[in-house]
Number of protein chains: 2
Amino acid sequence: MPRVVDPAQRRQDLAAAVLRVIRRDGLEHASVRNVAQEAGLSMGSLRHYFTSQSELMAFAFETVIERIQARLGDLTGERDPRRRAETILVELLPLDADRRAENEVWLAFTARAAVDPTLRALRDEGYDALRDGCRAIVAELSEAGLAPTDVPAETERLHALLDGLAVHAAMRPDLHTAESLAAAISRHLDALAVERSRGD
Amino acid sequence: MPRVVDPAQRRQDLAAAVLRVIRRDGLEHASVRNVAQEAGLSMGSLRHYFTSQSELMAFAFETVIERIQARLGDLTGERDPRRRAETILVELLPLDADRRAENEVWLAFTARAAVDPTLRALRDEGYDALRDGCRAIVAELSEAGLAPTDVPAETERLHALLDGLAVHAAMRPDLHTAESLAAAISRHLDALAVERSRGD
DNA sequence: AGGAACGTAGCACGGCCGTGCTATAAAACG
DNA sequence: CGTTTTATAGCACGGCCGTGCTACGTTCCT
């Protein structure tokens, strides 16, 4: 058979197939057979790229986490702390179809990570990255006088709010529009500024 | 064989067995066989109480949701709005082993509900109940001058914070102690009061 | 006392699963 | 051109799964 694409691309395609199956049928149906079929390959061929199912799943989860981390890194440009914070945070919310899809599979993997050590390590990595991002945002706001001085406490609150909104968006996409999600973040940032100017 | 317990109790026991299996091995291992073994029954006997696996799973999920709803209902006693709010909210957090266990299986079921219509209906019921509870709390605080006047927006924020904290507690039980979770809620309630007295 | 309903157990069928193995053809390389 | 590597396909084994069915003892009701 001809080499039609390079191996790395094939692995990406297979990861994408995994995500499609998970979204459509759930993580429990993301079997080697189903994923191979989704990608238009035979089982044997898939196993040429991933020697085990867990390797395939881990790779698929990694791609999701990497995409989330990449969004966090995109904080160039904007220099005003408030707008900068809002820009980054909104970027992380599931506002369009792509991010909604990622968010759904993130939730599925996160749940399974409770009993799968490999996935757990990846999930923790993503958790830490997001928390660090939240901390950086809060610290910057705090330094600019736009958030309370207790950075750890406000990091906890912002991080929980962000993931809570993501979970809610996955559970009830009808009730959580792009606008309402973004508005919730915006309101929280406003609130932080008010708290600082008043309480601390 | 003798009737040793009444059927309703047996169903409760089986639901409890489901939850234990889910916590230990994950939802994907909560098969009829494994649950029957966990409960010390034969498959055939289990099927006397639940004619299908989905019925068993739905029942188990219901028991979790009912427990959460029951906590929301326990709002008698305390009359001071602030303390009342804190009491109820803290009750909902996974602060002890029992609530942590519930929280973990809630997460597992919630993820599966994305592709299982029966579970989705139950999950939505729980979501609505929790949101209504949050709304009632925010409304009461707002009326007492202890929270901003925009009740829907603050309900969204409080609800997301609550579920976000629960998810984080499930993901990283080591990083989220009972104290830190309760402190996050307490801080948020303080913040609401500050916002009201300042911003609105 | 005797039949009906209940609770428990166990088996067997068909299905999906992950993975090890072999075969084959294209490509890469010497 | 021949050989080795790579990519693809397919099969078969053993395992777990849900569920339908039968059997058997116990309890209950009349």
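Below, read A as the first sequence line, B as the second, and so on, with proteins coming before strands; counting in each chain starts at 1.
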| said: Can you confirm whether more than 12 heavy atoms, excluding those of A:E140, are under 6.0 Å from its CD atom? | reply: yes
Counting just side-chain N and O atoms, does [X] come under 4.0 Å of either OP1 or OP2 of [N]?
{"X": "B:S31", "N": "D:dC17", "result": "yes"}
{"X": "B:H48", "N": "C:dT8", "result": "no"}
{"X": "B:Y49", "N": "C:dC6", "result": "no"}

| message | What I want to find out is whether B:R187 reaches B:D190 closely enough, with some N-O distance under 4.0 Å, to be called a salt bridge. | response | no
| Note: B:E62-B:R11 ion pair, threshold 4.0 Å (strictly below) | no
Of all the choices, [options], which nucleotide is nearest to the side chain of [X] once you look at every atom?
{"X": "A:R47", "options": "D:dT8, D:dA12, C:dC21", "answer": "C:dC21"}
{"X": "A:R33", "options": "D:dA12, D:dT19, D:dA7", "answer": "D:dA12"}
{"X": "B:V32", "options": "D:dC11, D:dT19, C:dT8", "answer": "D:dT19"}

| field | Option among B:R23, B:H29, B:E28, B:E104 that satisfies the side chain to side chain contact (heavy atoms under 4.5 Å, CB included) test with A:V115 | value | B:E28
Atom-to-atom span, [atom1] of [X] to [atom2] of [N] - whole angstrom:
{"X": "A:L56", "N": "C:dC17", "atom1": "CG", "atom2": "P", "value": "13 Å"}
{"X": "A:F50", "N": "D:dA7", "atom1": "CZ", "atom2": "C1'", "value": "15 Å"}
{"X": "A:E55", "N": "C:dG18", "atom1": "CD", "atom2": "C1'", "value": "14 Å"}
{"X": "B:L27", "N": "D:dC17", "atom1": "CG", "atom2": "P", "value": "13 Å"}
{"X": "A:E28", "N": "D:dC17", "atom1": "CD", "atom2": "C1'", "value": "14 Å"}
{"X": "A:L46", "N": "C:dG20", "atom1": "CG", "atom2": "C1'", "value": "15 Å"}
{"X": "B:D13", "N": "C:dT8", "atom1": "CG", "atom2": "P", "value": "11 Å"}
{"X": "A:M43", "N": "C:dT19", "atom1": "CE", "atom2": "C1'", "value": "7 Å"}

| remark: Nearest-nucleotide check on DNA chain C, A:N34 vs B:S42; residue mapping nearer the 5' end is B:S42
| 5' priority, DNA chain C, between B:G40 and A:S52 [closest heavy atom] | B:G40
| request: Taking atom types as modelled, find out whether A:D13 and A:Q9 have a side-chain donor-acceptor pair closer than 3.5 angstrom. | output: yes
